[in-house]
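Remarks on the structure that follows.
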Amino acid sequence: MTGLAACQHWGDLFMIRVGIIGVTGYTGGELLRILSGHPEVSVTYATSRYAAGQEVAEVHPQFKGLLSLRCSKFDEEEAQLKTDICFCALPHGESMNTVASLLGVGLKVIDLSADYRLDPGDYYQWYKKKHFFPHLTEKAAYGLPELYREQVAGSELVANPGCYPTASILALAPLAQENLIDFSSLIIDAKSGTSGAGRNLSPTLHYPNLTENFQAYKVAAHQHTPEIEKILSLLSGQPVKLTFTPHLLPMSRGILVTAYLRLKKSCLDNDIQGIYSQYYGAEPFIRLIEHPQLPETKNVYGSNYCDIAWRLDERTGRLIVIAAIDNLVKGASGQAVQNMNIMFGLSE
């Protein structure tokens with residue numbers, strides 16, 4: 001039996017038993033940080049291929065004395081016995097089979113990879129991998145609560161959005177839903193801290209190459225492009241193609257997105273303010289930043305907030321929208337926990 005009915009009873013609380021599949025990465029560690037303070041959650045299962053048999057605190061020393069949990073090799077039967085929901089924090093392409101196995105034994109799953117975010121055709125085009133469970137992709141809820149809260153609440157599988165798409169889509173969603181964006185003009189310029197690339201080393205991420213440097217990468221070829229285009233297409237009711245350029249900043253975490261666009265009709269600043277306030281005024285993790293301030297990565301560091309601001313450039317006729325998130329929290333683990341709360345009827 002799974003779900004709330006199967007949760008352990010501790011004192012007067014029903015504890016949701018949580019598993020983290022791939023606990024040793026940055027998102028796995030961030031999930032532990034957030035969930036360890038959750039009043040209705042107990043982390044009961046954690047897996048790692050290379051750290052199996054080790055205490056989690058050996059891999060994430062910040063939890064020494066705070067968490068007693070040993071890493072295991074993944075086994076769906078063990079997961080079924082020990083958990084009600086699993087966060088799958090595996091690399092793209094490696095989540096696919098694991099998610100299917102967890103769903104097959106009746107567990108709820110939140111997948112932090114891209115394996116269930118895209119249509120199989122787009123997934124193959126951008127990730128060069130064949131998708132073996134297209135029927136599950138069709139059932140997955142896209143885990144951006146501000147847009148798809150009801151779908152998340154009723155789903156067994158949530159495809160947690162990527163970090164760049166979270167910031168980009170939230171920056172533009174109100175305008176897209178109002179059909180105000182001239183998408184032929186849309187350019188998204190994005191910057192990320194290095195933790196977005198994961199824990200594995202590469203020459204680009206070596207300290208001598210990274211520090212005192214600023215570089216664009218995967219220009220006109222970043223795998224998050226179709227994810228942004230897909231959601232903006234659904235919101236606006238029209239096919240969307242856009243220019244997306246990511247950059248790597250010499251800092252550990254944070255994303256700053258700057259979107260440049262032309263509007264389909266003339267709007268005053270008060271009109272833009274009214275649109276964003278209408279869509280986001282009641283959202284707990286969206287902060288609309290008032291003039292003269294602008295979003296900054298430092299102001300969302302370690303939090304689940306997305307800060308948004310805009311400027312109308314009357315001289316060029318462009319609208320500039322800026323959004324900032326922490327790529328490991330609202331861009332990954334924090335949003336995943338927000339989705340879990342929705343799935344179990346808890347306060348976000």
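Note: hydrogens, waters and symmetry copies are ignored here, and every other heavy atom, side chains too, is used.
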Consider only side-chain N and O atoms of [X] and [Y], and report whether a donor and an acceptor are under 3.5 Å apart.
X	Y	value
Ser277	Gln273	yes
Asp111	Ser95	yes
Asn179	Gln238	yes

Ring pair (Phe, Tyr, Trp, His ring centres under 6.0 Å) pairs, two or more places apart, involving residues 96-120: Tyr116-His131

Give every residue pair that meets the ring pair (Phe, Tyr, Trp, His ring centres under 6.0 Å) criterion with at least one member in residues 134-163, sequence neighbours excluded. none

Is there a chain of hydrophobic side chains (I, L, V, M, F, W, Y, each step under 4.5 Å between heavy atoms) that links [X] to [Y]?
X	Y	value
Met251	Leu248	no
Tyr164	Ile187	no
Leu35	Leu66	no
Tyr279	Leu263	yes
Leu172	Leu294	no

Between [atom1] on residue [X] and [atom2] on residue [Y], distance to nearest 0.5 Å:
X	Y	atom1	atom2	result
Leu144	Ile231	CG	CD1	7.5 Å
Thr24	His60	OG1	NE2	6.0 Å
Leu175	Ile272	CG	CD1	5.5 Å
Leu147	Leu234	CG	CG	10.0 Å
Thr137	Asp119	OG1	CG	8.0 Å
Ile20	Leu31	CD1	CG	5.0 Å

If every non-hydrogen atom of Cys86 is compared with every non-hydrogen atom of Ala79, which pair is closest and at what distance?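 In this case the closest contact between Cys86 and Ala79 is SG-CB, 4.4 Å.
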
So which atom in Leu67 and which in Ala57 form the shortest heavy-atom distance, rounded to 0.1 Å?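 So the two residues come closest at O-CB, 4.5 Å.
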
Throw together a table of side-chain donor-acceptor distances under 3.5 angstrom for residues 302-312, partners on residues two or more places apart or in other chains.
{"from": "Ser303", "atom 1": "OG", "to": "Val300", "atom 2": "O", "distance (Å)": "2.9"}
{"from": "Ser303", "atom 1": "OG", "to": "Tyr305", "atom 2": "N", "distance (Å)": "3.2"}
{"from": "Asn304", "atom 1": "OD1", "to": "Lys330", "atom 2": "N", "distance (Å)": "3.4"}
{"from": "Asn304", "atom 1": "OD1", "to": "Gln335", "atom 2": "N", "distance (Å)": "3.2"}
{"from": "Asn304", "atom 1": "ND2", "to": "Gln338", "atom 2": "OE1", "distance (Å)": "3.0"}
{"from": "Asp307", "atom 1": "OD1", "to": "Arg287", "atom 2": "NE", "distance (Å)": "2.7"}
{"from": "Asp307", "atom 1": "OD1", "to": "Arg287", "atom 2": "NH2", "distance (Å)": "3.3"}
{"from": "Asp307", "atom 1": "OD2", "to": "Arg287", "atom 2": "NH2", "distance (Å)": "3.1"}
{"from": "Trp310", "atom 1": "NE1", "to": "Asp269", "atom 2": "OD1", "distance (Å)": "3.3"}
{"from": "Arg311", "atom 1": "NH2", "to": "Pro292", "atom 2": "O", "distance (Å)": "3.3"}
{"from": "Arg311", "atom 1": "NH2", "to": "Gln293", "atom 2": "O", "distance (Å)": "3.2"}

Side-chain touch [X]/[Y], heavy atoms, less than 4.5 angstrom:
X	Y	answer
Tyr123	Met96	yes
Phe344	Ile85	yes
Glu227	Pro161	yes
Ile255	Thr166	no

Report the residue from Leu69, Ile21, Leu81 that forms a side-chain contact (heavy atoms from CB on, under 4.5 Å) with Tyr45. Ile21

Here's a test for you: under side-chain contact (heavy atoms from CB on, under 4.5 Å), which of Leu107, Val18, Val109 qualifies with Thr83?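 Single side-chain contact (heavy atoms from CB on, under 4.5 Å) partner of Thr83 among Leu107, Val18, Val109: Leu107.
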
Check the pair Arg17, Asp84 against salt bridge (charged side-chain N to carboxylate O under 4.0 Å, His left out), reporting the backbone distance first and the verdict last. CA-CA 5 Å; Arg17 302 173 303 160; Asp84 305 301; 3.0 Å; yes

Derivation and outcome, side-chain contact (heavy atoms from CB on, under 4.5 Å), residues Thr47 and Thr98: CA-CA 12 Å; Thr47 77; Thr98 303; over 6 Å; no

Atom CD of residue position Glu150 - does it have more than 12 heavy atoms of other residues, nucleotides or ligands inside 6.0 Å? no

Could you go through the side-chain contact (heavy atoms from CB on, under 4.5 Å) check for Tyr301 and Thr297 one step at a time? CA-CA 6 Å; Tyr301 192 100; Thr297 58; over 6 Å; no

Report the C-alpha distance between Phe285 and Glu146 in whole Å, list the side-chain angles of each, state the deciding distance to 0.1 Å, and finish with yes or no for side-chain contact (heavy atoms from CB on, under 4.5 Å). CA-CA 9 Å; Phe285 293 115; Glu146 290 78 10; 4.3 Å; yes

List the steps, then state whether side-chain contact (heavy atoms from CB on, under 4.5 Å) holds for Tyr276 with Val321. CA-CA 11 Å; Tyr276 277 87; Val321 185; 3.7 Å; yes

Glu30/Arg33 salt bridge by N-O under 4.0 Å criterion: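 Here Arg33 pairs with Glu30 in a salt bridge, since their nearest N and O are under 4.0 Å apart.
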
So, Arg253 and Asp326, do they make that salt bridge, N to O below 4.0 Å? yes

